[in-house]
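Since the structure comes first, as structure tokens, the remarks are kept for the end.
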Amino acid sequence: MPTADAAVNAASAALPAKPASPAPASFSARGRRRLAVGLGLLALLLAAAASLAVGAREVPLADVVRALFGSEPYSFSELAVRERMPRTVLALAAGVALGVSGALMQAVTRNPLADPGILGVNTGAALFVVAGLAFFGISSLGQYVWLALLGAFLTAVFVYAVSALGRGGSTPIKLALAGAAATAAFSSLISALLLPRIDVMNTFRFWMVGGVGGAEWESLLVIAPLLAMGLALGLAVTPALNALALGDEVAKGLGVRIGWLRLAAAAAGVMLCGAVTAVAGPIGFVGLMVPHAVRLLTGPDQRWIAMLSALYGAVLLTTADVIGRIVARPGELEVGIVTVIIGAPVFIAIVRRYRVREL
Amino acid sequence: MSDALAILRQGRRRRWRRRLLVTGILVALALVLAAALLMLGNTIYPAQDVFRVIMGEKVTGASFAVGTLRLPRMIAAVLAGLAFGAAGAAFQTMLRNPLASPDIIGINSGCSAAAVTCILLFNMSGAAVSAISVLAGLAVAALIYLLAYGREGASGRLILMGIGVGALMDAVVSYMLLKGSEYDIPAAYRWLTGSLNAMRMDEMGSLAIAVAILLPLALVLARSLEAVELGDETAHALGARVERTRILLILCAVGLVAFATATTGPIAFVAFLSGPIASRLVGTGKPHILQAALVGAALVLAADLLGQFAFDTRFPVGVITGILGAPYLLVLLIRLNRKGSSL
């Protein structure tokens, strides 16, 4: 019933497709964005500090500051903080990358459910990494980063193509199902590769869940250029994505070269999530949740969505990592599990908000 | 007029004959595959040895290999195949969507998550695991149904809800696998992909009882499904009690899935594949739960034979069905129209 749905939708905030309300809203929208950036930065600082301080050993904040800015010799607590630093940096970087990646993918596919996890991109990257481990004796990150990227890219193209073929083009339902099918098939292939190789299986089962616990400076250095390139490319195309949101014809009329734009944005999105997956394993739902939440604050402007997705993606992932360390003390719950536990209900909420016609 | 009637009658008779033929062939196929599963292995035993073991005679060597190792495996394959196939067809018919099978909408994952939690965390086994797994399956089904309930296009929404809930359940399974000790992992992999390895005769009891009760019940309800398949409004007009039938069938199908999952793990895509294959074989228009159940049994048996003997390594059955089923899902998706409801 359209009326019932309208009531439900009115209760929640405006849909992204709806234009922002006229004149006075533009002022308040600017204020809201400033507020969002300010709150986001504050949250980021808190999350990063918590990520350094919380763990099997609690470190008071004063020691955290001393560990960051002081000099040797370090006390035991300060050493613990310095040990945690790569992990915090990876969580922040992965959050930025996944948030932007999700925003780009949702904009390119004009599909509210596009997300590296839903699209099966993570599993595709995983499959290629496992194949590398199993067949080519690849062991260093520098080598399998490229495999992960290749896997991510091929899977993204494949899943999107499958969902776009046939009558009616790509719809959220078809995209989600194509992603689920690809995930199921790739998981089976991964099992087939892993089961005969118990040693590979053992390293892999930790990678497969998605965690930032094993972070090291070297691995961060390997993916840093990729992340930088992906971010630069992604943020560069966001103005044109605004035109794309108006529809292909309008965008063409505005002088946007649609094919190139799509390719560039998708390449940036895949580069970001592929690089993260190579280091941290598949971390689902961050790219899905963050752009949706951010859109409520900023309205439909893709530039703001991408930038705030970066900010809040980092906040979310770092917080999820801290939560994982708190709830399962003295062990930890991998961040990939925490994000799914938070993200699946959000996914359901998103599905409930949209009418099926829009899906 | 009498000509038209004669043609109609003839058509009905032809369809009925085809149905009977297909059912017969499927039974025969399942029997052949089951016999192959009993005969083949490290040592190949001739059919008469296998037969004597089943009849309860002592045959040196064969008694252990066939009676203790292969027979439970075969029985598990047949029962799980029947259960998954029937449940899948029931869901697909009920929701009028070939994609709405329990393995795609997350019910298998729910059962699996419950079972793996019971086994790895609480060290439970046997009937208790089955019972909790059944409850979890029902809870997941109810959750998805409630979340998707009462809105237009409920079937498409239901699938998306299922994918979301399924992702949540899979996260639980992965977490449990991480917590499990190293030597438990190959066994625990069953709960990700489904496997028939290390089945024991005493584990078959609950599944056998469940299939014996729930499968005939589903078949009886299938007659009411005939009306439901025409659409809710039409079914109402024809006097079928849609909601009651639907809930009974959900219970029935979820029960079948849950008992089978508690025994063998979520064998990928069997529920999803069986219904469409059966309807292709039988011809369109009629519920085909019996045929789908038989297709399911044949699929699991064949996939297990492939997994055991076609490659250097022995793969669990779920790996094979997962690889076989995914391309079909993709084909189905490509042919799906915009509404996401019918083909």
Side-chain angles (χ1 to χ4, degrees), chain A residues 1-2 4-5 113 117-118 158 162-163 165-169 171-174 176-189 191-192 194-196 198 201-202 205-206 208-210 284-285 331 333-334 336-341 343-348 350-352 355-357 359, chain B residues 99 103-104 144 147-148 150-157 159-161 163-172 174-175 177-179 182 185-186 189 192-193 268-269 307 311-316 318-340:
Chain A
M1 284 278 109
D5 267 311
L113 299 182
I118 300 287
F158 175 67
V162 165
S163 81
L165 285 171
R167 274 188 297 157
T171 60
I173 237 180
K174 284 167 69 178
L177 280 167
T183 304
F186 291 163
S187 306
S188 291
L189 285 173
S191 307
L194 283 181
L195 282 174
I198 198 106
M201 193 201 298
N202 235 332
R205 71 173 160 139
F206 288 99
M208 192 59 217
V209 172
F285 286 107
L333 202 56
E334 270 66 17
I337 291 173
V338 180
T339 57
V340 172
I341 290 171
V346 175
F347 175 92
I348 288 166
I350 293 169
V351 174
R352 278 186 74 83
R355 260 168 272 151
V356 157
R357 294 275 144 67
L359 281 182
Chain B
L99 293 163
D103 38 7
I104 291 181
I144 297 168
L147 284 172
R151 298 178 154 235
E152 56 173 325
S155 158
R157 196 176 287 276
I159 293 170
L160 284 173
M161 293 297 174
I163 290 177
V165 174
L168 196 60
M169 295 301 150
D170 284 340
V172 174
S174 324
Y175 174 65
L177 289 187
L178 272 184
K179 292 278 135 177
E182 203 165 308
I185 293 306
Y189 241 78
L192 282 180
T193 54
F269 285 143
F311 310 97
D312 294 343
T313 335
R314 295 192 162 192
F315 290 118
V319 170
I320 306 292
T321 55
I323 293 170
L324 290 180
Y328 177 69
L329 178 51
L330 294 176
V331 170
L332 208 58
L333 282 171
I334 290 172
R335 286 172 42 196
L336 198 68
N337 69 18
R338 193 172 175 82
K339 272 188 196 153

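Per chain, numbering begins at 1; letters A, B, ... match sequence-line order. Note that this is a predicted model, so its numbers are computed, not measured.
- Rounded to the nearest 0.5 angstrom, A:Ile348 CD1 and B:Ile163 CD1 are separated by 11.0 Å.
- Contacts of B:Ile104 with chain A are made by side-chain atoms alone, with heavy-atom separations under 4.5 Å and no backbone atom involved.
- At a 4.5 Å heavy-atom cutoff, the contact between A:Phe285 and chain B is made by side-chain atoms alone.
- Nearest heavy-atom pair, A:Val340 versus B:Leu168, reported as atom, atom and distance to 0.1 Å: O-CD1, 3.7 Å.
- Put simply, OG1 on A:Thr183 and CG on B:Asp170 are 9.5 Å apart, with the number rounded to the nearest 0.5 Å.
- Listed options A:Ala344, A:Ala182, A:Pro345 were ranked by heavy-atom pairs under 4.5 angstrom with chain B; first place goes to A:Ala344.
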